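The first residue of the sequence shown is numbered 1, and numbering continues consecutively from there. What you see is a predicted model; the values in this text were computed from it and never measured. Hydrogens, waters and symmetry mates are skipped; everything else that's a heavy atom, side chains included, is used.
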Amino acid sequence: LRGRGPRRDVPGPATVPVRRPLPQLRAVHTGPGHLLASTAVHERLTPEDAGTVLRRDRPDLLLIDDVQGWSASLLRELHELATEVGAAIVTDDARAETALPRSALHLAREPADGPDGLGLPAVDAAIWQPVGLDDPRRERPLTPAEARTLDPAAARYQPVVALPAVADLGVRRCLELMAAGAVVVTGPDPDLERALGPVASTVVGPADTVFERAATLVDDSALRRRVSVRLRRRVHAHHTTWRRLVDLASRLGFADPPSTRISVLLPTRRPDRVGQVLADLAAQHHPDVELVLLPHGDARLPDGLPPGTIVQRVPAHRPLGAVLDAGIDVATGAYVAKMDDDDRYGTDHLGDQLLAWRYSGATLVGRRVHGVHDEETDRTIHPPPGGEERWEDHLPGGTLLLAADDLRRLRWRHVPDAVDTELVRAVHLEGGSCYSAHRYGYVRVRHGDHTYDPKGNWAGIDRRGFDASLLEA
């Protein structure tokens, strides 16, 4: 029996599970004025609860991310408790040296011109995330006072914050708001510019133009949506407590970083079409991608396969589900993505899908909302606003990504078609969840091999030719 499983009005998990970056290593992460158990249960605690948490979790590391506002007596108390449970103290803040003996600290710093990382605030992505993002509302820019009290749910409406001086809000608060979807337009600030790196120019500029630039983003919801994607991608990739723990533990020799290799399953009967998807794969910004090419039947191999490609040929009489299952058995990545040989992919497609998998806590991620190019009419259909960053009961097969261990447990059903629908259904039947990320990075291509009416699926903008603007935010 086939079916899609739960309907789209079924919400995702009531509490997002924490992705443990280093399950063999337990750490407690402290921030200014609160304690955060970053690899166990996400909960905000007062400093007075520090002893309870340290004794309960008995971590390997006590990670002090920022000591501003912490009293010397509190730092000494944390040091005594950490010594009692055998936790090493790691900090990137030299101010801790004034309260603790130098021998008690593992100082983790990087050069001032480092592109991101240890000297910058970290964001708790279990709280500040775009899950539940809604279409931008057309409203005036928010003031720093309004932004100071903005909660994650309100930030998911992608408001624009006009901030002439970053000091009025603080770098940490700016990054938190950006992680949830808000667009913070600011004047110059070296710490924020360092944190944002190459995307800083999208929101940082002369202080006397802040309100003019903010008003432009308020009026242009399409541009605001793109800028929001660029900002939250940067924060979730470089400035979360998850990322900080991995960087610190690796730099100090406590643990090796977890694998981020993505094995891409690419089944094909059409070698004449594979060239474009190979080019799209070669251009991915994600640093560790493995291609598992699955020729179905006697399809010849395309020229110019990337180094390290795994080729697994499957007889023509086997159904598509069996072809994909053969790919799982030879893939070596920690994650598996499925891509189609006739669709188009932007340079951040795989990286963005992995980030969405991490911050959503979903079992399976994809892109329900996307553009469609119809080769017969040479037109690109843009999706209407809305429908992004939310739980779904259906995801396009060419966009799927999940942990390799989960896929090896679930497997693909050995059916000739609808294998993607069956995988989504299997996830839901097992009690897992499926999540749709933002719209940019994928365009479905339809041609003579498909029965497809793009006008019947999207009521969006119809443009002549292939519109590559949908591939990049």
Side-chain angles (χ1 to χ4, degrees), residues 4-21 42 123-135 152-153 155-158 179-181 225 228-229 232-233 235-237 240 242 260 262 264-265 286 334-339 345-346 348-370 383 385-407 409-410 412 419-442 444 473:
R4 282 191 174 179
R7 297 302 307 161
R8 290 171 58 190
D9 57 357
V10 174
T15 57
V16 175
V18 176
R19 299 294 191 192
R20 295 182 179 236
H42 281 77
V123 172
D124 182 4
I127 297 171
W128 297 96
Q129 53 175 244
V131 177
L133 195 79
D134 213 328
D135 198 52
R156 291 166 193 151
Y157 284 99
Q158 301 168 82
R225 188 185 296 114
S228 173
V229 169
R232 63 184 190 257
R233 172 192 295 144
V235 176
H236 282 284
T240 62
W242 190 100
T260 59
I262 300 174
V264 174
L265 305 185
H286 188 74
Y335 307 91
V336 176
K338 177 177 176 287
M339 295 173 71
Y345 298 88
D348 288 297
H349 168 71
L350 290 175
D352 283 353
Q353 295 300 80
L354 182 55
L355 289 179
W357 177 88
R358 191 175 296 153
Y359 63 66
S360 70
T363 310
L364 178 68
V365 298
R367 297 188 195 278
R368 177 66 183 264
V369 178
H370 56 271
E388 304 166 76
E389 301 286 0
R390 62 186 59 192
W391 308 106
E392 277 290 355
D393 74 331
H394 175 70
L395 296 169
T399 70
L400 302 181
L401 180 142
L402 70 166
D405 289 344
D406 286 339
L407 185 54
R409 185 182 69 256
L410 294 166
W412 300 90
V419 291
D420 315 311
T421 300
E422 290 298 313
L423 180 60
V424 170
R425 181 171 180 267
V427 168
H428 280 137
L429 288 174
E430 196 185 53
S433 55
C434 299
Y435 185 79
S436 177
H438 64 75
R439 68 184 59 204
Y440 301 108
Y442 172 70
R444 188 188 302 218

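- For the atom pair T399 OG1 and Y345 OH, the distance stands at 7.5 Å (nearest 0.5 Å).
- Under a 3.5 Å cut-off, the side chain of Q353 and the backbone N or O of L401 do not form any donor-acceptor pair.
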* Going through the distances and angles, do D352 and R367 end up as a side chain to side chain contact (heavy atoms under 4.5 Å, CB included)? -> CA-CA 10 Å; D352 283 353; R367 297 188 195 278; 3.7 Å; yes
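- The only member of L400, V427, L402 that meets side chain to side chain contact (heavy atoms under 4.5 Å, CB included) when paired with L407 is L402.
- In plain terms, the two heavy atoms of S433 and A362 that are nearest each other are OG-CA, 3.4 Å.
- Note that CD1 of I262 and CG of L350 are 4.5 Å apart. Values are rounded to the nearest 0.5 Å.
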* Evaluate the criterion side chain to side chain contact (heavy atoms under 4.5 Å, CB included) for residue pair R390 and L133; output intermediate values, then yes/no. => CA-CA 7 Å; R390 62 186 59 192; L133 195 79; over 6 Å; no
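- A salt bridge links E388 to R225: one of the charged nitrogens lies within less than 4.0 Å of a carboxylate oxygen.
- Distance alone, capped at 3.5 Å, places no donor-acceptor pair between the H370 side chain and the P383 backbone.
- For V131 against S360, the heavy-atom pair with the smallest separation is CG2-CA, 4.0 Å.
- Counting heavy atoms from C-beta outward, Y335 and H286 have side chains that stay 4.5 Å or more apart.
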* Asked: Given R156 and E389, is the salt bridge (charged side-chain N to carboxylate O under 4.0 Å, His left out) satisfied, shown in steps?
  -> CA-CA 10 Å; R156 291 166 193 151; E389 301 286 0; over 6 Å; no
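- Here the CZ-OH distance, from R233 to Y440, works out to 11.0 Å after rounding to the nearest 0.5 Å.
- The backbone N or O of R358 sits nowhere less than 3.5 Å from a side-chain atom of H236 that would complete a donor-acceptor pair.
- Considering all non-hydrogen atoms of both residues, G386 and V369 come closest at O-CG2, 3.7 Å.
- Atom OG1 of T363 is separated from atom CH2 of W357 by 9.5 Å, given to the nearest 0.5 angstrom.
- Counting heavy atoms from C-beta on, the side chains of C434 and H428 come closer than 4.5 Å.
- Between the side chain of E430 and the main chain of A426, no donor-acceptor pair closer than 3.5 Å is present.
- S228 approaches G181 most closely through the heavy-atom pair OG-O, 2.8 Å.
- In this structure, the separation between CZ on R425 and CG on L410 is 12.5 Å, given to the nearest 0.5 Å.
- Looking at every heavy atom in both residues, A180 comes nearest to P152 through CB-O, 4.1 Å.
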* Decide yes or no on side chain to side chain contact (heavy atoms under 4.5 Å, CB included) for L395 and Y435, but give the supporting numbers first. => CA-CA 8 Å; L395 296 169; Y435 185 79; over 6 Å; no
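- Listed for the S436 side chain is a donor-acceptor partner under 3.5 Å among the backbone atoms of R368.
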* **side chain to side chain contact (heavy atoms under 4.5 Å, CB included) between W128 and T240, worked out** => CA-CA 10 Å; W128 297 96; T240 62; over 6 Å; no
